[in-house]
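Shown next, in C-alpha cells, is the structure this report addresses.
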Amino acid sequence: MNIYIITLFPELIQQATSFGVLGRAIKQQRLSLRCFNPRDYAEDNHHTVDDRPYGGGPGMLMKVEPLYKAIVAAQITAKQVSQDAAKVVYLSPQGQQLNQQLLVNTAATAKDLILIAGRYEGIDERIIESLVDEEWSIGDYVLSGGEFAAMVVVDGLSRLLPGVLGDDESALQDSFMQGSDIHGLLDYPHYTRPEKIAEIMGGQTVPQVLLSGDHQAIQRWRLKQSLGRTWLRRPDLLDVLKEETSNWDDEKAGLLAEFKAEYNSK
Ligand code: 4FV
C-alpha cells in the first residue's frame, strides 16, 4: 500500500513513522509513505502557505494554490506508481468517525491513500468539494494540525497489511476485529510474569484460570471479561453487537449474565 501525506511538517511524519511495527513495515516495503509539502508549491518569495479567512474571524486557513498543487502532484504520482487513482482523505473533526471497521475496509481495498493533514483553522471548502473523496475524524476534539490524525490512520492501517504483524502479533485477535472472538468488544485484561506481584506493588495474583492450561476455559474467561468490560465501559458497543445477530448468541448472553451477577454480588 502507498500512502501520500500532504503536510507542512514532513519531518514530523518521518520521525513518527520510524519506530516499532510501523517502522518495520516501511523498512520491509509492505507500506510506503511519501510526503508532499504545500510550501514546495508556493511561488511567492516568502513561500506563503496560509491566508486570511473571508468573512473575518480568528485564525488563518491554508492558502488555496500551494495546497491544491501539492494534492494534484500527489494524485499524479499515485497514478504513476499504481495505475489506479488514490483515495483522497481530509482529516478533520467534520469527518466520519474513524474506527476499526473503516481501517479494515480500507486495508482490504488496498487502494492507495492521499491523506491531507490540515493546519491553522483548516482548508478552503472548494478544495474539499473538488479534490476530497472522504473526510475522516479521529475524534470529537480539535488538534493543532492533522498530522497526528494522519499518523493514527497510518499506524492503524499498517497493522492490518499482510505480513506486517508476525504470527505472534496477530491482529485477528484484536478488539473490534471481524472474525475475532471478541469482535466488537473491548479487550480482556492481560497478565504476564510474575504470577504474584510483590506486596509493595499491590501483591495481586494472576487469575487462576490463566494458569490452568485449559484453553477452552481461558477463551471462555476472556470472552466473559470482554463482555463485562464492554457492558461497564461501552454499553453502546454492546447495543451494536446485539443488533448484529450474526455476532450475538446465547453463549455471549449467558456469559454476560454471569458477569453481571458476579459484579452485582460484589
Ligand atoms: C482532526 C480530528 C483535527 C482541525 C483544524 C487540524 C484539526 C486543524 N483531524 N480528526 N479531530 N484537525 O482536529 O482529524 O487544521
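Read the numbers this way: they start at 1 and go in the same order the structure lists the ligands and their atoms.
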Could you go through residues 65-78 and list every donor-acceptor pair under 3.5 Å that involves a side-chain atom there, pairing it with any protein atom two or more places apart or in another chain?
{"from": "Lys69", "atom 1": "NZ", "to": "Glu43", "atom 2": "OE1", "distance (Å)": "3.1"}
{"from": "Lys69", "atom 1": "NZ", "to": "Glu43", "atom 2": "OE2", "distance (Å)": "3.0"}
{"from": "Thr77", "atom 1": "OG1", "to": "Ala73", "atom 2": "O", "distance (Å)": "2.9"}

*Within 6.0 Å of CD in Gln14, more than 12 heavy atoms from elsewhere*: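 More than 12 within 6.0 Å, yes.
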*Check side chain to side chain donor-acceptor pair (under 3.5 Å) between Glu262 and all other residues, then give those that pass, not counting sequence neighbours.*
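Glu262: side chain to side chain donor-acceptor pair (under 3.5 Å) contacts with Lys224.
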*State yes or no: do Val152 and Leu12 share one hydrophobic cluster built from I, L, V, M, F, W and Y residues joined by side-chain heavy-atom distances below 4.5 Å, directly or via other members?*
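The answer is no; the residues belong to distinct hydrophobic clusters.
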_Selection residues 197-242 - residue pairs positive for ring-ring contact (aromatic ring centres under 6.0 Å, His included), sequence neighbours left out_ =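 Counting only pairs at least two positions apart or across chains, the ring-ring contact (aromatic ring centres under 6.0 Å, His included) contacts touching residues 197-242 are Trp231-Tyr263.
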*Kindly give the heavy-atom pair with the smallest separation between Thr7 and Pro38, and that separation in Å.*
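So the two residues come closest at O-CD, 3.5 Å.
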Starting from the N and O atoms of ligand 1, find every protein N or O within less than 3.5 Å and list the pair with its distance.
{"from": "ligand 1", "atom 1": "9 (N)", "to": "Ser92", "atom 2": "N", "distance (Å)": "3.4"}
{"from": "ligand 1", "atom 1": "10 (N)", "to": "Ile138", "atom 2": "N", "distance (Å)": "3.0"}
{"from": "ligand 1", "atom 1": "11 (N)", "to": "Gly139", "atom 2": "O", "distance (Å)": "3.1"}
{"from": "ligand 1", "atom 1": "11 (N)", "to": "Tyr141", "atom 2": "O", "distance (Å)": "2.9"}
{"from": "ligand 1", "atom 1": "13 (O)", "to": "Tyr141", "atom 2": "O", "distance (Å)": "3.4"}
{"from": "ligand 1", "atom 1": "13 (O)", "to": "Leu143", "atom 2": "N", "distance (Å)": "2.8"}
{"from": "ligand 1", "atom 1": "14 (O)", "to": "Ser92", "atom 2": "N", "distance (Å)": "3.4"}
{"from": "ligand 1", "atom 1": "15 (O)", "to": "Arg119", "atom 2": "N", "distance (Å)": "3.4"}
{"from": "ligand 1", "atom 1": "15 (O)", "to": "Arg119", "atom 2": "O", "distance (Å)": "3.3"}
{"from": "ligand 1", "atom 1": "15 (O)", "to": "Tyr120", "atom 2": "O", "distance (Å)": "2.9"}

